[in-house]
Amino acid sequence: MNQSNPVRVRFAPSPTGRMHLGSARTALYDYLLARRLGGQFILRIEDTDRKRFVPGAEQELIEGLRWLGLHYDEGPDIGGPYGPYRQTERQEIYLRWANELVERGHAFYCFCPPDRLEKVRQEQLKNKQPVRYDGTCRHLDPDEARRRVRAGERHVIRFKMPYEGETRAVDALRGEIVWQNRDLDDAILLKSDGLPTYHLAAMADDYEMKITHVIRGSEWLSTFPLHVNLIRALGWPEPVWIHLSVFLKPSGKGKMSKREAAAALNDGYSIFIKDLKELGYIPEGVLNWIVLMGWGVAEDDVMTLEEMVQRFDIRNLNPAPAAINFSKLDHFNGTHIRRLPADDLARRIKPYFERAGYSVDDTLLLRIVPLIRERLVTLDDCLPFAGWFFKDNVTPAPETLVPKGLTPAEAASVARRVYDLLAALPEITHASAEPPLRALVEALGLTPNQVFGLLRVAVTGQAVSPPLFESMELLSRETILARVQNAIALLERM
RNA sequence: GCCCCCAUCGUCUAGCGGUCCAGGACGGAGCCCUCUCAAGGCUCAAACAGGGGUUCGAGUCCCCUUGGGGGCACCA
């Protein structure tokens, strides 16, 4: 690689499914590497598989990247100097290189029908032989092959893998890897539909787009020798290769499966980025979580995207598979929520209240935020903690008003004393209400828990709430008195 | 079956031959704080897969075993 060239890193997903943790992490590392080294981050859509194409998948990818804050410099929706950035729009390029490979003797036309290939495969499997192409068309006379192609015979183009010797390639995380060429296969580069396979398309695009670092999943390790041989056959510069490990299911036993994904959702988690967003996770938390799955930092593991850029170094990447740990996601999400400025958090939770049907006063919301900030794991936790602020009246279950150790009648009596005390105050604030109420607790020979608990349920309608006095301060005196009055009535009716 | 990769607390990891009776984080346990729930503080339990080498010395290098993972498509 020529060090004087700018670093260019690409995220190249295929629009065949949903954006999940694995793709997000790859994109994140791509982004971090590009930003860290002052280069460009490119989005390229690998849509050459028309059978598996999923409408809307590209949009989810783009929205996912935007939500995470992983902004790219070039991509299908924003263009760039090396476009187009969708492989189906670059078909001529692959055709040209495939022909070039054939001309140079590094690839050959193959007319083998799929059903024959399948039979060969079964035979090899049965005989416990390595499964690969048997080489039938490899030694066809080139002129004869060209004639058949011109005649319109259905064909593919295969790479002519050397039969002897070995292939060596370097992965940045694992060092040099060696393959015996006799174990390698004559992979298809150009399908009979005229579209390239990943092998040709990705390599050609990486070359055309001047990609300097390839970060991809370890599932590409097995075709790694094919890719380097292809690149070398064409004399292209070799990028730095980085093969990331896969994610394992939470137990660490086996990879993430459909079944596991469903199980996660059942527990209130998800491996899909869009779901995570809807579950109330914030990009800061998600990013911090996934960046550490495969990247080790000695200390200070709470980071913003900017801090990740400053600290990122591919030498710290871990090639070992990593098990997904959702409780760590909760931790990072809560931590980053707490770090948000009040107005920012207010802006982010406002939609949750509105979706619940409340009309939200921004001034009140801004005063609520400090009360619930350290209680939120996900954004939607704001509802159980603070939804009651926006209700005109609350309706506690009568039995929840009765403190431990007291009868309903005793509770009613306590409530009346509390009412009298609050009614005597010209205004009810944290400062004005707490001292006399504590004195009352003392005088009644009860615990703060008993009295404040009753008041909490009376005022908020629930047993768990933000701090009582701070919460009451946000309510009008009339509201508080009316709710305590209501509680007394409820208790008297028990 | 064949090829390739990986291996430190339950999990994510630090460690790049001596500073490691192995450090941090999540989770767990306990204590403190406390009006509930949290947050926060303190403490504790918890790991170098096994076996051979190399070396004065190995978690750190090599080999084997075991275990885990990926791949073996006209999918990416």
**Student:** Scan A:Pro113 against the nucleic acid and name what it touches under 4.0 Å (heavy atoms): base, sugar-phosphate only, or nothing.
**Tutor:**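 The residue A:Pro113 makes no contact with any strand.
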
**Student:** Give the nucleotide from the list B:A39, B:A76, B:A25 with an atom nearest to the side chain of A:Lys328.
**Tutor:** B:A25

**Student:** Side chain of A:Pro114, heavy atoms from C-beta onward: which of B:U13, B:A76, B:C74 has the nearest atom to it?
**Tutor:** B:C74

**Student:** Which nucleotide in the list B:U34, B:C3, B:G70 gets nearest to the side chain of A:Arg438?
**Tutor:**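 Of the options given, the side chain of A:Arg438 lies nearest B:U34.
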
**Student:** With sugar-phosphate meaning primed atoms plus P, OP1 and OP2, does A:Thr16 contact a base, only sugar-phosphate, or nothing at under 4.0 Å between heavy atoms?
**Tutor:**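 Answer is nothing: A:Thr16 stays at 4.0 Å or more from every strand.
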
**Student:** With respect to A:Ile242, which candidate in A:Asp30, A:Val214, A:Ile215 satisfies the side-chain contact (heavy atoms from CB on, under 4.5 Å) definition?
**Tutor:** A:Ile215

**Student:** Which part of the nucleic acid, if any, lies within reach of A:Val246 when heavy atoms closer than 4.0 Å are counted: base, sugar-phosphate only, or nothing?
**Tutor:** sugar-phosphate

**Student:** Please report the distance separating the C1' of B:C32 from the corresponding atom of B:A38, rounded so that it comes out in whole Å.
**Tutor:**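 After rounding to an integer number of Å, I get 16 Å for this pair.
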
**Student:** For B:A76, take OP1 and OP2 only and decide whether either is under 4.0 Å from a side-chain N or O of A:Thr48.
**Tutor:** yes

**Student:** Looking for any heavy atom pair under 4.0 Å, which part of the strands does A:Phe469 touch: base, sugar-phosphate only, or nothing?
**Tutor:** base

**Student:** Would you mind classifying the nucleic acid contact of A:Pro467 as base, sugar-phosphate or nothing, using non-hydrogen atoms under 4.0 angstrom?
**Tutor:**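 Base, at least one base heavy atom under 4.0 Å.
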
**Student:** Would you mind telling me which of B:A76, B:C6, B:A73 lies closest to the side-chain atoms of A:Val131?
**Tutor:** B:A73

**Student:** Counting any heavy atom closer than 4.0 Å, what does A:Arg121 reach on the DNA or RNA strands: base, sugar-phosphate only, or nothing?
**Tutor:** sugar-phosphate

**Student:** So that I know where these two stand, are A:Tyr198 and A:His227 an aromatic pair - ring centroids less than 6.0 Å apart?
**Tutor:** yes

**Student:** Tell me what A:Phe332 touches on the nucleic acid: a base, only sugar-phosphate, or nothing, going by heavy atoms under 4.0 Å.
**Tutor:**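 It contacts nothing in the nucleic acid.
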
**Student:** Considering every strand and a 4.0 Å limit on heavy-atom distances, what is the contact class for A:Lys191: base, sugar-phosphate, or nothing?
**Tutor:** base

**Student:** Looking at every strand, decide which applies to A:Leu468 at a 4.0 Å heavy-atom threshold: base, sugar-phosphate, or nothing.
**Tutor:**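 Answer is base: heavy atoms of A:Leu468 come under 4.0 Å of a base.
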
**Student:** What does A:Gln87 touch in the nucleic acid at a heavy-atom separation under 4.0 angstrom: a base, only the sugar-phosphate, or nothing?
**Tutor:**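 Since no nucleic acid heavy atom lies under 4.0 Å of A:Gln87, the category is nothing.
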
**Student:** Answer yes or no: side-chain N or O of A:Arg132 and base N or O of B:C72 forming a donor-acceptor pair under 3.5 Å.
**Tutor:**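 Under the 3.5 Å cut-off, the side chain and the base do not form any donor-acceptor pair.
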
**Student:** Please check this pair: side chain of A:Asp267 against backbone of A:Tyr269, looking for a donor-acceptor N/O pair closer than 3.5 Å.
**Tutor:** no

**Student:** Quick one: is A:Lys253 getting a side-chain N or O under 4.0 Å of the B:G67 phosphate, OP1 or OP2?
**Tutor:** no

**Student:** Assign A:Pro466 to base, sugar-phosphate, or nothing according to its heavy-atom contacts below 4.0 angstrom with the strands shown.
**Tutor:** base

**Student:** If you measure from the C1' atom in B:C63 to the same atom in B:G24, how many Å do you get, rounded?
**Tutor:** 33 Å

**Student:** Under 4.0 Å between any heavy atoms, over every strand shown, what does A:Arg338 touch: base, sugar-phosphate, or nothing? Just pick one.
**Tutor:**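 The answer is sugar-phosphate, as A:Arg338 gets under 4.0 Å only of primed atoms, P, OP1 or OP2.
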
**Student:** Establish whether the base of B:C5 is bridged to the side chain of A:Arg174 by a donor-acceptor pair shorter than 3.5 Å.
**Tutor:** no

**Student:** So, A:Tyr281 versus A:Trp289, ring centres under 6.0 angstrom or not?
**Tutor:** no

**Student:** Is it true that A:Trp179 and A:Phe224 have ring centroids separated by less than 6.0 Å?
**Tutor:** yes

**Student:** What nucleic acid atoms does A:Gly294 come within less than 4.0 Å of, heavy atoms only: base, sugar-phosphate, or nothing?
**Tutor:** sugar-phosphate

